[in-house]
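One structure is given here, and the rest of the page talks about it.
First listed ligand is number 1; within each ligand, the first listed atom is number 1. The model shown is predicted, which means the values in this text are computed figures rather than measured ones.
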Amino acid sequence: IVGGEISTIDSHPWIAAIFYRSRNREMFRCGGSLIHPCWVLTAAHCFPEGPDTKPDQYSVYLGKDALNATDSLKEQKFDVENIILHHEFDNSQGSFNNDIALVKLSGQCAVESSSVKTVCLPPTNQMLPQGSYCEIAGYGKEAQSLWYFSQYLREATVQLIPQNTCKSTQFYGSEVTDNMFCAGHPEWKVDSCKGDSGGPLVCDVYGKMFLFGIVSWGEGCAKAYRPGVYTRVTNYNQWIADNTGIVALSEG
Ligand code: 4AZ
């Protein structure tokens, strides 16, 4: 997160930290969001092995304030039973269309606490007013030029950018599909960045937070006319239901 502030997991208790294990070393890979005690929603590009992704090389932490420290009173750690990538995820043109994936936690799944809670999926047709403010959070880099991730969970407020604006040639043109939306800062000082991928963009609807976006891509971080691009979660309620049985609020 660029231009944000240190946060605590209790204010974003649905955040998951996904780690990749190779030769007994665990490396932070991506963020994610707990949408059900057994399911984390994240980005498909977090699994560059594609269809060959091996679930047993991944683990998921919930309730984590800091990447490089363990708080055994708050944290819950899980092995991964299954990873479902969207079959139409397409990165051949570097475009990240359908950048969405589901991670199934193994065993008893998440136990709710002050630092571990699920986030709600918005109803399919839930629109947000243009210029709405939403929150992003993650353990990603604080500036594009840094080589290390943030030690602590960070959060920031971004503003939704009208679809036509983000599809204009001054912005991303046709790289932005209807499965994506853009959010940023009027002076380009706030953005998601490398390491925030897969994590949540949540917006307040009548006093309740809903997961509207998944951090997906962008050209650099906090660059003028190059805002963060997010997977449009409301386009995938059917896909999520088909793969997990979870139904978005007020549809079922
Ligand atoms: C990345 O490389 C990445 N500014 C994530 C988010 C953004 C750019 C890059 C958005 O994971």
I'd like to know if the side chain of [X] and the backbone of [Y] have a donor-acceptor N/O pair within less than 3.5 Å.
{"X": "S132", "Y": "L160", "result": "no"}
{"X": "K54", "Y": "Q57", "result": "no"}
{"X": "E112", "Y": "K117", "result": "no"}

Tabulation required: pairs of a nitrogen or oxygen in ligand 1 and a protein nitrogen or oxygen under 3.5 Å; columns are atom names and distance to 0.1 Å; otherwise 'none'.
from	atom 1	to	atom 2	distance (Å)
ligand 1	4 (N)	D191	OD1	3.3
ligand 1	4 (N)	D191	OD2	2.8
ligand 1	4 (N)	S192	O	2.8
ligand 1	4 (N)	G220	O	3.1
ligand 1	11 (O)	S197	OG	2.8

Other cluster members, I6 - Ile/Leu/Val/Met/Phe/Trp/Tyr, side-chain contacts below 4.5 Å: Y152
Can a cation-pi geometry be assigned to R226 and F171, taking NZ or CZ under 6.0 Å from the six-membered ring centre and within 45° of the ring axis?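 Cation-pi check for R226 and F171: fails.
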With a 4.5 Å cut-off on side-chain heavy atoms, are T8 and L153 touching? no
